[in-house]
Amino acid sequence: MNLVSVSQQEIEDRLIDYFAKHFGDDPSVLTPATNIPKTYNINTLGWAAFADTLSQLPWMVKLHVRLAQKEMVTVPQIQQLANLIVRKLQHVVAVPTIASEVLTLDSLMKAHEFMEDKVAQKIRETSPKKKPRRAKAKKLAET
């Protein structure tokens with residue numbers, strides 16, 4: 001079993017990257033203290049709806065964190081949102097026996113993508129090869 005090490009700083013960085021990409025901004029203009037609804041003129045309902053969007057991000061799914069819309073209204077700053085996510089993380093009490101048992105969130109996501117690619121490649125390799133339709137039609141025409 002691999003354990004994942006997740007820091008509030010890493011979550012803040014991911015949120016900054018997400019919001020910068022979403023709003024077409026440079027990540028350097030956003031800080032942990034940025035009030036997203038105020039900066040991008042988002043009303044309360046619009047900001048609350050971000051709970052569902054954020055909960056569906058691959059890294060949030062992997063962390064098993066779901067945000068409620070009513071919680072979003074209380075956390076307008078990136079650092080507050082990151083803190084909420086950290087509080088919702090499941091905590092592990094076991095101590096790893098070797099350092100390689102602890103992964104960063106980035107390492108976990110890369111490993112997951114690698115495994116998904118391997119499975120997709122295996123499916124492509126084992127799926128039966130279909131003959132082109134033209135060859136079949138040509139063969140029928142010859143008979």
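Just so it is clear, the values below take in all heavy atoms, side chains as well, and ignore hydrogens, waters and symmetry mates.
- The line from NZ of K70 to OG1 of T74 is 10.0 Å long, rounded to the nearest 0.5 Å.
- Between I16 atom CD1 and I11 atom CD1 the span is 12.5 Å, to the nearest 0.5 Å.
- Counting heavy atoms from C-beta on, the side chains of F50 and L67 never come closer than 4.5 Å.
- Side-chain contact between L15 and L54: present, with at least one pair of heavy atoms (C-beta onward) separated by less than 4.5 Å.
- Between F23 and Y18, the distance from one ring center to the other does not fall under 6.0 angstrom.
- Rounded to the nearest 0.5 angstrom, Q80 CD and I36 CD1 are separated by 11.0 Å.
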Intermediate values then yes/no, side-chain contact (heavy atoms from CB on, under 4.5 Å), K88 and E71: CA-CA 12 Å; K88 288 178 158 273; E71 294 172 317; 3.0 Å; yes
Verdict with reasoning, Q8 to N83, per side-chain contact (heavy atoms from CB on, under 4.5 Å): CA-CA 6 Å; Q8 180 160 337; N83 187 35; 3.6 Å; yes
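- Side-chain atoms of V65 and Q90, non-hydrogen and from C-beta on, never get closer than 4.5 Å to each other.
- In this structure, the side chains of R87 and L84 come closer than 4.5 Å at one or more pairs of heavy atoms.
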Steps toward side-chain contact (heavy atoms from CB on, under 4.5 Å) verdict (Q79, T31): CA-CA 8 Å; Q79 65 193 6; T31 69; over 6 Å; no
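- Contact detail for P37 and P76: the closest heavy-atom pair is CD-O, 3.4 Å.
- Remark: N43 CG is packed, more than 12 non-hydrogen atoms of other residues, nucleotides or ligands lying under 6.0 Å away.
- For the pair D13 and P27, the minimum side-chain heavy-atom distance is 4.5 Å or more.
- V61 and S55 make their closest contact through CG2-O, 3.6 Å (heavy atoms, listed as atom of the first residue, atom of the second, distance).
- Residues Y40 and V75 share a hydrophobic cluster, clusters being chains of Ile/Leu/Val/Met/Phe/Trp/Tyr side chains in contact below 4.5 Å.
- The two residues M72 and A51 make their nearest non-hydrogen contact at CG-CB, 3.2 Å.
- Residue P32 comes nearest to E12 through the heavy atom pair CG-OE1, 3.4 Å, listed as atom of the first residue, atom of the second, then distance.
- The side-chain heavy atoms of N35 and I78, taken from C-beta on, include no pair separated by under 4.5 Å.
- L89 has its side chain within reach of V6: a pair of non-hydrogen atoms, C-beta onward, lies under 4.5 Å apart.
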